[in-house]
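Single-structure report; data block below.
Numbered from 1 within each chain, the chains take letters A, B, ... in sequence-line order. Values reported hereafter were calculated over all heavy atoms of this structure, with side chains retained and with hydrogens, waters and symmetry mates removed.
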Number of protein chains: 2
Amino acid sequence: MRRQRHDMIAETRAKLIAAARQAFGAAGYAEASMDDFTAGAGLTRGALYHHFGDKKGLLQAVIHQIDAEMTARLNRVSAAAPNRWEGFVEECVAYIQMALEPEIQRIMFRDGPAVLGDISQWPSTNGCIAALSDSLRQLKAEGAIINIDIEVAARLINGASSHAAFWIANSDTPEETSRRAVDGFRALLEGLRVDKK
Amino acid sequence: MRRQRHDMIAETRAKLIAAARQAFGAAGYAEASMDDFTAGAGLTRGALYHHFGDKKGLLQAVIHQIDAEMTARLNRVSAAAPNRWEGFVEECVAYIQMALEPEIQRIMFRDGPAVLGDISQWPSTNGCIAALSDSLRQLKAEGAIINIDIEVAARLINGASSHAAFWIANSDTPEETSRRAVDGFRALLEGLRVDKK
DNA sequence: TATTTGACATACGCCGCGTATGCAACTAAA
DNA sequence: TTTAGTTGCATACGCGGCGTATGTCAAATA
């Protein structure tokens, strides 16, 4: 059966991605030994090189997976809000809070850009920026926000969020810092609105 | 003479920092071989370990040096402006543009945080955040900006700036992207003002 | 001048990566 | 069904980089 073989291959890839994701998230990219985490998945570095070319290729695959999950979560958050503006704000807040999760923090915001450069540059991955951009575009079309370059705004917000999360995550009092950051962030976003009531 | 010896030591340290700064800035932290760049400075890894403990320690020293230079530049920029608000805005713009320089980009915004964590957390280095905070504090005292947590605002702005710079630096058309980013950034900052005229 | 300290070099071993090679299972044609 | 070719993965090897332990020589101190 063709299926059998293809399924085995897909399973191998999935196991490698899962093991790498775990290792990168827990120990960091540089500290994660390929021998170690491939062995943990019952495989060897041979399989890794075969499927992903090198360590960076695996990181890329891991990032792609996480990005897809994050995008889905963001879309759910904005869809659940009472109106577009609130949806957008909640989306941003959710973004900050996702960046608090160590796995996302380390892989998406710390090691990813450091190892691969600006990920949002290559087309396959950056669902998150796209999600933010979409929300902003709609708000702009409705005249709800000031006249600002959409992509620029999305990236500035993205940067502020991830940086804030980084700060929070390294804080002595993450809870309190998180509250302060979110409050400040909301205030900053208010500056984008046309008619603040 | 005491001086002689102390000067030699200071010179050795300075040579190591300079060589590392060059190597980290050009090749990146991970790719820079300690053997290579110490040899380039006419020294060996022995000197490095003696003075800085390890590779991270050297990175720390390099970052400290660059941070001081950046802080001085920012202070000059804001001092040269016609008023506080303009000074603040120009400071932010200058921050983005400094982050365009490959050395600052790689060392301060890419490898630094990746290797050492949130640098602005440990006290010795974060002149830049402090400079931004000072400006914001004064503006707030004058009632020129909305009621927002100063430290939070400084960090959000810092994050947006560095991210914008990262984006610009990786862009196909850095010039144009830079203009767009700066314009958007100004618009975002306007949202902080109390009486926009 | 004898002794000690400290600045730096040298030497060694380990680990992690990348590549070259090997092998067994599967596929496809004869 | 046999056989030739392909593919998924493991094994084997070499290299370079890092950290440490040790050595050495000049300056500082007495």
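Look at CG on B:L43: it is 16 Å from C1' on D:dT24, rounded to the nearest Å. If you measure from atom CZ of B:R13 to atom P of C:dC8, you get 10 Å, rounded to the nearest angstrom. One can place NZ of B:K56 at 13 Å from P of D:dC18, the figure rounded to the nearest angstrom. One atom, NE2 of B:H6, and another, C1' of D:dA28, lie 11 Å apart when rounded to the nearest Å. At whole-Å resolution of the value, CG in B:D54 and P in D:dA21 are 14 Å apart. Distance B:L48 CG to D:dA21 P: 17 Å, rounded to the nearest Å. Computed from coordinates, the B:M8 CE to C:dA9 C1' distance equals 15 Å when rounded to whole Å. Taking atom CG of A:D7 as the reference point, atom P of C:dA25 lies 19 Å away to the nearest angstrom.
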Pairs: protein N or O with nucleotides 14-17 of chain C N or O, under 3.5 Å:
{"residue": "C:dC17", "atom": "OP1", "partner": "A:A32", "partner atom": "O", "Å": "3.4"}
{"residue": "C:dC17", "atom": "OP1", "partner": "A:K55", "partner atom": "NZ", "Å": "2.8"}
{"residue": "C:dC17", "atom": "OP2", "partner": "A:M34", "partner atom": "N", "Å": "3.1"}

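Among pairs with a residue in residues 151-172 of chain A, those fulfilling salt bridge (Lys or Arg N to Asp or Glu O under 4.0 Å) read A:D118-A:R155, A:E151-A:R155, A:E151-B:R180, at least two apart in sequence or across chains.
Taking the charged nitrogens against the carboxylate oxygens, A:R179 and A:E176 have no contact shorter than 4.0 Å, which rules out a salt bridge.
Distances shorter than 4.0 Å separate some side-chain N or O of A:T12 from OP1 or OP2 on D:dC9. Within the 4.0 Å cut-off from OP1 or OP2 of D:dG8, at least one side-chain nitrogen or oxygen of A:H50 is found.
B:W167 CH2 to A:L156 CG: the interatomic distance, rounded to the nearest 0.5 Å, is 7.5 Å. Atom CD of A:E90 sits about 12.0 Å away from atom OG of A:S135, to the nearest 0.5 Å. B:M34 CE to B:Y49 OH: the interatomic distance, rounded to the nearest 0.5 Å, is 3.5 Å. Going from atom CG of A:L43 over to atom CG of A:L16 covers 5.0 Å, rounded to the nearest 0.5 Å.
Out of C:dC8, D:dG8, D:dA10, the shortest distance to the side chain of B:H51 is found at C:dC8.
Connection of B:F166 to B:F109 is not established within any shared hydrophobic cluster, with ILVMFWY side chains joined at heavy-atom distances below 4.5 Å, either directly or through further cluster members.
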